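Below is one structure, written out as structure tokens; comments come after it.
From a predicted model like this one, the values you see are computed outputs, not experimental measurements. All ligand and atom numbering here is 1-based and tracks the order in the structure.
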Amino acid sequence: MTRFYVTTPIYYVNDAPHIGHAYTTLACDVLARFMRLDGREVHFLTGADEHGQKVEKAARDAGTTPQEFTDRVSRNFRELAQQLDISNDDFIRTTEQRHKECCAELWRRMAARKAPNGESNIYLGKYAGWYAIRDEAFYGEDELTVGADGKRRAPSGAEVEWVEEPSYFFRLSAWQDWLLDYYAKGNAEFIGPATRRNEVTSFVRQGLVDLSISRTTFKWGVPVPGDADHIMYVWLDALSNYVSALGWPANEADPQGLFARFWPADLHMVGKDIVRFHTVYWPAFLAAAGLEPPRRVFAHGWWTVEGQKMSKSLGNVVKPADMIARFGLDPVRYFLLREVPFGQDGDFSQAAMVRRINTDLANDLGNLGQRVLSFIQKNAGASVPRPGAFTPEDARLLDAGAGLLAQLRPELAAAQAFNRALEAIFQVVAEANRYVDVQAPWTLRKTDTARMETVLYVLAETIRRVAIVLQPFMPSSMAKLLDQLAVPADARDFAHFDARLAPGTALPPPSGVFPRHQEQAG
Ligand code: MSP
């Protein structure tokens with residue numbers, strides 16, 4: 001059985017979960033569900049990034065200890081996963097013992113091995129430079145801008161401060177050619193989308209400087225093995241979660257262990273802001289430790305809200321729980337992945353959301369299901385109709401439905417093009433709606449009931465296929481729709497995609513799956 005290991009970034013717990021976090025996790029959930037339905041053995045990981053200066057400071061501001069603080073706020077992200085009906089197999093926290101042990105071993109292995117230029121991977125030096133706590137990242141003077149307030153800022157807009165302290169360094173400079181080679185050699189799919197691959201490649205080509213990987217001026221982190229005055233750079237700590245959650249290094253020699261079965265990861269899903277960490281630092285750390293790099297990193301775009309950057313100070317942070325309460329979970333899941341080509345930035349607006357719900361879900365899909373199923377209920381004995389011979393029009397619609405899975409596999413598994421996958425599915429929905437209008441079963445009811453049964457069968461069968469492939473996107477509504485078609489629970493995976501509905505099977509009374517959204521006054 002082919003396996004599939006997909007990860008979300010681990011979230012900074014000091015932030016309240018918002019629609020941007022929901023987006024990354026949701027995209028991974030759709031892939032994990034799709035792969036499971038496709039018969040793959042899946043491991044889907046998400047979690048919380050709990051160390052670092054930013055979290056230490058947030059805990060201090062909240063008047064508590066970092067441990068107590070992270071225990072409390074990491075729950076917000078666990079709850080986010082539940083609210084969104086996320087099917088993750090594990091949730092890692094970087095404050096867990098399993099994780100800290102992994103970080104220490106990764107460090108030891110990196111330190112014990114030589115860089116490609118024959119020098120040690122890790123050396124002790126002194127860091128003097130700019131650091132942005134908000135990004136937990138170092139910046140070169142040439143990357144900064146000075147604002148009207150005289151403050152220096154990173155390209156992300158985060159303020160930087162000057163730090164000067166003893167630090168261990170990772171000899172990233174010596175990994176440049178290795179990285180360029182890795183991006184090129186048969187690994188063209190390592191970074192997606194292609195625009196990001198080009199950006200990263202030219203960044204690495206310009207030359208890499210060694211990376212400071214330890215800090216001494218605060219305490220909230222994993223101690224450096226053999227030098228407890230230092231704690232590890234929070235990104236080295238955080239990135240290790242992808243292997244610590246698989247039980248590495250404890251299970252390294254176990255062929256049945258999670259690590260042997262799932263590493264290297266098939267996909268690290270990330271936002272565009274953290275591509276460099278995942279495509280430059282992370283593969284270099286792994287290679288330095290003698291471990292395989294991940295297979296693919298995909299960077300999605302960012303959401304603005306009603307045309308503006310989402311920020312606490314603007315007070316426009318969109319909370320997933322509020323959206324779900326207002327629109328329902330599956331419509332929110334659908335909207336986020338349908339509205340914007342995955343990889344590009346998008347704007348979240350209530351009007352766009354209402355439009356999608358009322359057009360795609362209520363009018364097109366919801367109406368199709370409701371029309372066909374209630375017609376069968378009233379006029380075809382409340383059971384799966386018995387088809388006669390198929391006309392070319394019947395065959396065309398049946399083929400369109402049958403062809404969906406082969407279309408979706410490359411769109412989702414290879415390209416992460418969620419919007420194109422949904423577009424393809426909704427094209428079939430549109431065809432089915434046109435077919436109902438043209439075939440007019442309500443007329444056939446009076447003139448040719450045998451033909452009416454065939455038409456209804458073709459429609460029910462098309463709805464079945466659409467519902468099967470939509471399950472990863474909208475699990476609970478599609479479960480409802482498949483219940484109404486009396487598709488047994490064990491016949492909803494892709495192995496049963498081509499198994500037709502059995503004529504004569506009794507169908508339960510239908511009920512609408514997607515109500516129209518009416519805005520409440522006030
Ligand atoms: N802790 C690091 C990741 C470590 S992974 C080893 C981190 N955390 S984060 O909480 O700040 O961001 C997590 C994810 O949320 C990122 O992929 C980021 O791109 C995404 N988003 C945060 N705001 C977003 C939007 N407004 N829109 C879309 N995604 C956004 O970075």
Side-chain angles (χ1 to χ4, degrees), residues 6-28 45-55 58 70 73-74 76-77 80-81 84 91-95 99 102-103 106 132-137 154 156-158 196 220-222 232-245 265 267-283 285-286 294 297-312 314 316-320 323 335-337 339-349 416 418:
V6 60
T7 67
T8 74
I10 49 174
Y11 298 102
Y12 286 131
V13 286
N14 53 302
D15 223 357
H18 58 60
I19 209 83
H21 306 124
Y23 189 49
T24 320
T25 303
L26 184 57
C28 293
L45 176 70
T46 185
D49 192 351
E50 305 192 353
H51 287 135
Q53 203 167 353
K54 176 154 70 173
V55 174
T70 53
V73 291
S74 68
N76 298 336
F77 281 93
L80 175 71
L84 293 166
F91 185 100
I92 182 124
R93 298 179 55 195
T94 53
T95 47
H99 176 75
C102 165
C103 292
L106 196 70
I133 299 182
R134 200 184 83 192
D135 301 346
E136 296 281 18
S156 62
R196 302 286 169 213
W220 187 235
V222 181
M232 288 184 203
Y233 175 37
V234 67
W235 270 99
L236 170 56
D237 166 347
L239 288 160
S240 313
N241 92 87
Y242 302 131
V243 291
S244 66
L267 181 66
H268 292 319
M269 182 69 80
V270 299
K272 63 178 184 180
D273 52 320
I274 56 175
V275 178
R276 195 178 290 182
F277 299 97
H278 283 82
T279 58
V280 181
Y281 303 168
W282 179 226
F285 292 155
L286 286 163
V297 175
F298 189 96
H300 63 68
W302 267 46
W303 286 96
T304 49
V305 173
E306 313 283 352
Q308 284 187 303
K309 195 177 168 186
M310 200 169 15
S311 82
K312 266 188 227 154
L314 285 174
N316 65 347
V317 174
V318 178
K319 291 197 195 118
M323 289 302 112
F335 173 81
L336 289 175
L337 294 175
E339 187 69 3
V340 179
F342 202 67
Q344 295 177 21
D345 292 340
D347 186 50
F348 187 93
S349 83
Q416 288 80 48
F418 299 93

Nearest 0.5 Å, what's the [atom1]-[atom2] distance between [X] and [Y]?
X	Y	atom1	atom2	answer
Met269	Thr24	CE	OG1	8.0 Å
Asp135	Asp273	CG	CG	8.0 Å
Tyr11	Thr25	OH	OG1	2.5 Å
Phe77	Asp49	CZ	CG	10.0 Å
Glu50	Ile92	CD	CD1	10.0 Å
Ser74	Phe91	OG	CZ	6.0 Å

Exam field: side chain [X] to backbone [Y], donor-acceptor pair closer than 3.5 Å:
X	Y	result
Asp345	Gly301	no
His21	Tyr12	no
Glu136	Lys54	yes

Minimum non-hydrogen distance to atom 5 (S) of ligand 1, winning option of Tyr242, Tyr281, Tyr11, Trp302: Tyr242
Only heavy atoms count here, so choose which of Trp282, Phe277, Phe348, Tyr12 is nearest to atom 7 (C) of ligand 1. Tyr12
Contact region, Trp235 to ligand 1, non-hydrogen atoms below 4.0 Å, reads side chain
Where does Asp273 meet ligand 1, judged by heavy-atom distances below 4.0 Å: at the side chain, the backbone, both, or neither? side chain
[X] near ligand 1, heavy-atom distance under 4.0 Å?
X	value
His300	yes
Met269	no
Val270	yes
His278	yes

Interfacing atoms of ligand 1 (cut-off 4.0 Å, heavy-atom, [X]):
X	result
Met310	26 (N)
Gly301	28 (C)
His21	10 (O), 15 (O)

Shortest protein heavy-atom distance from [atom], along with the residue and atom involved:
atom	value
atom 17 (O) of ligand 1	Gly271 N, 2.8 Å
atom 2 (C) of ligand 1	Ile10 O, 3.4 Å
atom 26 (N) of ligand 1	Trp303 O, 3.2 Å
atom 20 (C) of ligand 1	Thr24 OG1, 3.9 Å
atom 23 (N) of ligand 1	His18 CE1, 3.2 Å

Below 3.5 Å, N or O to N or O, backbone or side chain included: is there any such pair between [X] and ligand 1?
X	result
Ala238	no
Asp49	yes
Pro9	no

Between Phe348 and the options Asn316, Leu336, Thr304, the side chain to side chain contact (heavy atoms under 4.5 Å, CB included) test singles out Leu336
Determine whether Trp303 and Tyr23 satisfy the following criterion, ring-ring contact (aromatic ring centres under 6.0 Å, His included), listing intermediate values before the conclusion. CA-CA 9 Å; Trp303 286 96; Tyr23 189 49; 5.3 Å; yes
Hey, is NZ on Lys319 packed in by over 12 heavy atoms from elsewhere, all under 6.0 Å? no
